[in-house]
Amino acid sequence: MAGLETTGSNPDVGLLYDINGLTATAPDWVDRVVTVAGEYGLILALVLLTVWTWWRVRRTDCREEAAGAVAAVVWAPLAAGVALLVNIPIRGFVGRPSPAEQHRGIEELVAVRGDFSFVSDHATLAMALAVGLFIAHRRAGLAGIALAVLLGFSRVYLGVHYPTDVIGGLALGTAVALLLSPLASALLTPLTKLIARSAKVGRLVWSPKGTRDEAGSVEEEQEQGRDRQEDGVRQESGAVGVSRRRDRDLAA
């Protein structure tokens, strides 16, 4: 397919030049930071955010609620994988070359593998993961969406994608994560509920906030009960001893 329009009169191309043109005046350390962030750093941040979200949502007093939330967290990386698979035929169908292949003066800060530009894999993966997290935990999801948008901007800055490549990736990731979420929940929630009831691995899904405190209170109550029982036995033994001495004195 011919692909999307790549002429200089296209606002998409003009915005590409504006954003990528920032590299001409930016210090070298800024380019290095954006390169690391755009290639690996922001994706790693999203992965760490996913782990934190899993740790957070399982800390609730309701096992059913925890199982549903953990199922949503599990769906987040699965949604990212599904979105990338969906993007494979889209890239081949559109067949849009990378910006540097179409325009002069584009500064590519990272090497392009030679594949097509539309839709951005990075933006697709990041947004699918972020929206999946939003379903499980609103604040974590909003932070993830902000990271995904920042990642998309960095891909344009690096000269490897047009702005519409990024917008398409953000839209694709959002669509996959939201549209398939009900099906994923129906399949994953029974599994997380089953795991939550397990004595060995249940804490992977459900870890009540007061578990440790309640356990400590139970142990303390049991210890106090044993102490009271021992005191009662000693008192009873003492009373029996006194009674026997009195009987001996009376017999004498």
Side-chain angles (χ1 to χ4, degrees), residues 1-6 10-20 22-23 34-50 72 75-103 106-136 140-181 184:
M1 188 174 177
L4 302 181
E5 184 184 355
T6 56
N10 187 352
D12 187 28
V13 178
L15 189 57
L16 164 68
Y17 275 110
D18 290 339
I19 297 176
N20 181 253
L22 297 174
T23 60
V34 176
T35 299
V36 173
E39 284 286 275
Y40 313 106
L42 291 171
I43 295 295
L44 177 59
L46 281 165
V47 171
L48 294 177
L49 182 62
T50 302
W75 166 237
L78 293 178
V82 172
L84 290 178
L85 291 176
V86 172
N87 190 32
I88 292 175
I90 294 176
R91 291 173 75 108
F93 178 74
V94 176
R96 188 183 203 183
S98 64
E101 296 179 21
Q102 297 290 312
H103 306 286
I106 297 298
E107 183 70 24
E108 277 189 342
L109 299 185
V110 295
V112 179
R113 297 187 301 273
D115 54 0
F116 297 123
S117 176
F118 186 90
V119 176
S120 168
D121 277 339
H122 280 72
T124 300
L125 183 152
M127 185 56 84
L129 192 58
V131 173
L133 292 180
F134 183 81
I135 297 172
L142 290 174
I145 291 172
L147 290 174
V149 172
L150 187 59
L151 175 61
F153 177 85
S154 72
R155 301 302 289 175
V156 180
Y157 182 93
L158 296 174
V160 295
H161 283 293
Y162 294 92
T164 49
D165 298 340
V166 170
I167 294 173
L170 298 178
L172 177 59
T174 300
V176 169
L178 288 181
L179 295 179
L180 296 182
S181 176

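Since we're looking at a predicted model, the values are computed, not measured.
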* Within the distance-only criterion (no hydrogens, no angle test), does the side chain of D165 pair as donor or acceptor with the backbone N or O of S120 below 3.5 angstrom? -> no
* Looking only at non-hydrogen atoms, find the nearest pair between W75 and S181 and report the distance. => NE1-CA, 3.8 Å
* If every non-hydrogen atom of V176 is compared with every non-hydrogen atom of A79, which pair is closest and at what distance? -> CG1-O, 3.7 Å
* Asked: Just by distance, do the side chain of N20 and the backbone of I106 share a donor-acceptor pair under 3.5 Å?
  -> no
Can you list, pair by pair, the side-chain donor-acceptor contacts under 3.5 Å of residues 140-155, counting residues two or more places apart and other chains?
unit_1, atom_1, unit_2, atom_2, d
S154, OG, L151, O, 2.6
R155, NH1, G38, O, 3.3
R155, NH1, E39, OE2, 2.5

* Structure fact -> Distance col, row I19:CD1 vs T23:OG1, nearest 0.5 angstrom, shows 11.5 Å
* Structure fact -> Heavy-atom nearest pair, A177 first then A128, reads CB-O, 3.7 Å
* Asked: F116 versus V94: any side-chain heavy-atom pair under 4.5 Å?
  -> no
* With a 4.5 Å heavy-atom cut-off, do L109 and V34 have their side chains touching? -> no
* Check: H161 side chain, S117 main-chain N or O, donor-acceptor pair, under 3.5 Å -> yes
* Checking R91 side chain against F118 main chain: does a donor-acceptor pair fall under 3.5 Å? -> no
* Identify which one of T174, L46, V166 satisfies the side-chain contact (heavy atoms from CB on, under 4.5 Å) criterion when paired with M127. => T174
* I would like to know whether H122 and V160 meet side chain to side chain contact (heavy atoms under 4.5 Å, CB included); could you show each step before the answer? => CA-CA 11 Å; H122 280 72; V160 295; over 6 Å; no
* Shortest non-hydrogen contact from L129 to P77? -> CD1-N, 3.5 Å
* Asked: If every non-hydrogen atom of L125 is compared with every non-hydrogen atom of L84, which pair is closest and at what distance?
  -> CD1-CD1, 3.5 Å
* Rounded distance (nearest 0.5 Å) linking atom CG of L42 with atom CG of L49 -> 11.5 Å
* To do: Please tell me if the side chains of V13 and Q102 come closer than 4.5 Å, counting only heavy atoms from C-beta onward.
  => no
* **Any residue meeting side-chain contact (heavy atoms from CB on, under 4.5 Å) with P163, in chain and number order, not counting sequence neighbours** => D12, L15, L16, V156
